[in-house]
Amino acid sequence: MFENLSDRLSGVFDKLTKQGALSDADVATALREVRVALLEADVSLPVARDFVKAIQDKATGQSVTKSVTPGQQVVKIVHDELVHFLAGDDVNAGDLKIDNAPAPILMVGLQGSGKTTTTAKLAKRLSEKNGKRVLMASLDVYRPAAMEQLAVLGKQINVDTLPIVKGEKPADIARRAKQQATLGGYDVYMLDTAGRLHIDEVLMAEVETVRDITKPRETLLVVDGLTGQDAVNVAEQFDGQIGISGVVLTRMDGDGRGGAALSMRAVTGQPIKFVGLGEKMDALEEFHPDRIAGRILGMGDIVSLVEKAQETIEAEQAERMMKRFQKGRFNMNDLKMQLEQMLKMGGMEGVMGMMPGMGKMKGKMSDAGLDDKMLRRQIALIQSMTKKERANPQIMQASRKKRVARGAGLEVSELNRLLKMQRQMGDMMKKMGKGGMLKQAMKGMFGKGGSLPADMGAGMDPKALEAAAKQMGKLPGGRLPGLGGGLQLPPGLSGFGKKK
Amino acid sequence: MAFFSKLKDRLFRSSAKLDEGLDEILNAATPKTSAPQPENPAPGATDNAAAETEKPAKPGLVGRLLGQTRDAEQSAARRVLDDAMLESLEELLISADMGVEPALRATANLAEGRFGKKLGAREIKELLAKEVARIMAPVSKPLPIYAKKPQVVLVVGVNGSGKTTTIGKLASQFRAAGKSVVIAAGDTFRAAAVEQLQVWGERADVPVMTAPEGSDPASLAFDAMGRAEADGADLLMIDTAGRLQNRQDLMEELGKIVRVIRKKDPEAPHNTLLVLDATTGQNALNQVEVFQKISDVSGLIMTKLDGTAKGGVLVALADRFGLPIHAIGVGEQIDDLAPFDPDEFARALIGLED
């Protein structure tokens with residue numbers, strides 16, 4: 001019943017591995033399985049429904065690669081989207097707004113969600129890691145010995161707690177905590193409230209009062225990571241009535257799949273700040289969306305598998321190409337691919353913009369007539385050739401040249417320049433291939449997953465290239481950035497690693 | 001029967017959403033079904049439906065107050081039972097934490113022989129409630145009382161599920177029934193857990209045996225067995241620290257408690273109660289499975305059913321493990337522990353009002 005998603009999806013997709021791209025129907029079938037997986041992971045129904053809908057468009061039309069099954073492909077899409085969704089735009093997940101001391105932090109949640117333990121863990125973290133002076137106060141006047149629990153924990157972690165005064169109301173305790181924190185020079189004071197049901201109007205009003213008294217900088221909703229479909233109701237009510245600024249998921253060291261994380265994020269729109277991973281006082285970590293995403297989908301290492309498979313494909317392609325280059329075969333097809341690659345990456349300007357220190361050169365380049373138009377013209381020239389001509393450019397004599405130039409609407413001289421470029425590049429490849437340098441260069445490139453594009457040379461005539469080389473000589477180290485081993489690549493060779 | 005009405009009120013509150021969901025499903029299709037038959041001389045029904053769709057899902061008190069009149073209107077909104085509707089019903093059950101598979105089965109049973117027929121909200125609810133009650137009926141059993149003295153009741157569960165509170169409530173009930181009870185505060189791990197149980201002991205007027213924080217709970221359990229025997233107590237309730245079922249070390253510790261108790265009485269513990277939180281989702285299945293393996297769980301108690309959580313996972317549990325459900329927790333007061341009534345539960349889960 002709890003088989004992982006990838007198994008289930010591969011069953012769905014077994015029949016259609018041969019197809020080139022995912023069709024609407026394929027995706028719909030797969031997403032049904034994704035939805036069930038989400039539901040079984042306790043993602044709330046409305047959230048699961050919306051999420052699946054959002055993914056539908058992304059998945060349709062994605063090309064299917066040979067070594068990766070369509071099922072895996074869908075899983076990867078879902079996973080990536082999940083990570084994106086869980087992470088949001090929040091860059092520093094673990095940060096709390098605790099400037100202007102004393103900053104109040106209000107902890108709220110259902111009974112037994114782990115508020116008191118989390119309060120203590122967070123206090124420990126703030127005092128030890130951030131060097132803050134923290135004061136903890138328990139507003140739980142209902143559960144027997146709740147205040148003592150926080151006091152004991154405070155002693156354990158060396159954080160001050162507000163002295164317990166029996167019979168005081170939560171609002172009074174909050175006031176006293178505020179006063180004590182101000183007088184005592186604390187940076188942060190944390191208010192651990194009693195567990196309450198989100199539909200308990202009296203208790204919800206009580207926490208509202210506390211909020212109005214202290215105006216907390218952070219209001220953290222503590223939620224049990226094992227929570228089921230009810231997570232939406234809880235989040236909605238707490239957020240609607242009290243207004244929360246972040247979520248802490250507890251008990252994530254259990255074997256629950258943590259679907260509540262997705263529900264919480266979707267309903268409140270607030271970031272998940274921390275996860276509780278055990279009973280020890282330091283078992284509190286920042287939230288890592290990718291871990292939770294993998295867990296929700298119940299797929300273990302599937303994503304890394306998919307990534308590895310894709311890498312393999314790229315490496316296979318690169319290997320094949322390298323073999324050809326070693327033999328000095330660099331024909332028009334290869335050149336065309338290079339040119340197209342450049343265009344894809346944003347053209348001449350885009351490529352230059354990506355390289356540090358190259359910004360100034362942009363102007364000079366366009367002066368020299370080096371722009372995207374030229375790239376497109378060269379591609380047009382190649383497209384005007386027959387298959388045979390593309391594979392063996394050396395057969396191009398005058399009549400062929402004339403035909404091709406006419407076909408592209410260009411002059412023969414431009415075609416000559418293109419042919420010369422192709423010849424030069426081919427020669428260089430051969431030379432490097434013999435010396436074994438090519439292999440190293442390729443390794444360097446793929447080792448870093450493609451590194452920075454350096455095909456700027458591809459479209460340049462030798463003069464401009466020289467100028468560029470001079471410019472580059474002024475760069476620190478005189479090397480192209482991002483190339484493993486610091487090798488100067490032959491112009492036009494790189495970018496293969498970026499192949500999709 | 002003020003208590004029962006209170007309980008029912010609480011349970012119904014929890015299922016108001018489900019109820020609305022069902023109404024929505026029916027109403028969503030009403031315009032569709034009435035559209036192809038414009039000669040239908042009952043404009044009232046369509047008007048009603050239109051009005052309903054205009055103000056969709058009005059939650060809370062008003063909806064509940066109007067419940068009865070709405071029900072009457074709804075009985076007019078009938079819809080053909082088709083695939084789409086079955087799917088929506090499945091989703092409704094899933095959103096009550098019933099789990100995907102049990103929800104599929106329940107709706108499949110519902111559809112049998114009725115596919116393509118027009119059904120009203122009331123009918124559907126009754127059928128679903130019957131289906132749920134059928135699954136739940138065999139597991140509704142009170143905590144069995146044995147002649148053995150002392151009868152040892154071990155209470156286990158994950159952190160924060162409500163073990164300590166439940167023990168307090170149970171002790172009070174048995175005390176009221178004239179039994180002599182001893183509690184062993186076996187949660188020696190969590191800060192102030194012992195104090196918490198002592199307060200409950202005072203409230204229930206039951207002695208609580210304690211051990212210092214950080215000491216071995218197994219040895220406390222052993223001592224408590226001796227004391228309960230010496231005192232001639234009818235019941236010994238042993239609290240344990242909350243533990244997640246995938247924590248091997250903590251589960252070992254629990255296994256040790258059971259082994260040590262058996263040295264005194266090879267048949268003990270006579271009952272091992274697993275306390276589950278109603279807000280828990282599908283992980284409850286794992287909890288039951290692992291706790292059962294380690295400590296021979298003999299029955300379940302579900303807490304926090306006074307919230308919006310529907311505890312639908314109980315259906316999945318009953319379906320899969322068939323463990324008896326002894327009681328449900330419906331509040332923080334000492335008498336907020338009610339026997340489990342399958343019909344009541346089913347009707348509340350589905351949102352069927354009388």
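Labels below follow one simple rule: chain letters A, B, ... track the order of the sequence lines, proteins then strands, and each chain is numbered from 1. Hydrogens, waters and symmetry mates are skipped; everything else that's a heavy atom, side chains included, is used.
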Quiz item: For B/L244, does its backbone N or O pair with a side-chain atom of A/R251 as donor and acceptor, under 3.5 Å?
Solution: no
Exercise. In sequence, state the C-alpha distance, the side-chain angles, and the governing distance for A/D255 and B/Q245, and then conclude on side-chain contact (heavy atoms from CB on, under 4.5 Å).
Key: CA-CA 8 Å; A/D255 55 4; B/Q245 73 277 12; 2.6 Å; yes
Quiz item: Mind checking whether B/D97 and A/D42 have side chains closer than 4.5 Å, heavy atoms only?
Solution: yes
Self-check item: Student check: side-chain heavy atoms of A/D230 and B/K310 closer than 4.5 Å
Solution: no
Practice problem: In plain terms, say whether A/R35 and B/E91 are close enough for a salt bridge, that is, a side-chain N and a carboxylate O under 4.0 Å apart. | Solution: yes
Exercise. Name the option with the most non-hydrogen atom pairs under 4.5 Å to chain B; the candidates are A/G112, A/S113, A/G114, A/G278.
Key: A/G112
Exercise. With chain B as the partner chain, list the residues of residues 152-169 of chain A whose heavy atoms fall under 4.5 Å from it, by residue number, and write 'none' if nothing qualifies.
Key: A/V152, A/L153, A/Q156
Quiz item: Within the side chain of B/N283, is there an N or O that forms a donor-acceptor pair under 3.5 Å with the backbone of A/L226?
Solution: no
Quiz item: Is A/D253 salt-bridged to B/R247, going by a charged N under 4.0 Å from an acidic O?
Solution: yes
Quiz item: Between A/R32 and B/E87, is a side-chain contact (heavy atoms from CB on, under 4.5 Å) present by the stated rule, with each step listed?
Solution: CA-CA 12 Å; A/R32 195 180 301 242; B/E87 199 169 310; 3.8 Å; yes
Donor-acceptor pairs are to be reported for all side-chain atoms of residues 185-209 of chain B against protein atoms at under 3.5 Å, with residues two or more places apart or in another chain.
residue : atom : partner : partner atom : Å
B/D187  : OD1  : B/F189  : N            : 3.1
B/D187  : OD1  : B/R190  : N            : 3.1
B/T188  : OG1  : B/S215  : O            : 2.9
B/R190  : NH2  : B/Q196  : OE1          : 2.4

Quiz item: Hey, are the side chains of A/L110 and B/T279 touching, using non-hydrogen atoms and a 4.5 Å cut-off?
Solution: yes
Quiz item: Going through the checks in order, is the side-chain contact (heavy atoms from CB on, under 4.5 Å) test met by A/E279 and B/L250?
Solution: CA-CA 11 Å; A/E279 302 184 62; B/L250 295 179; 3.2 Å; yes
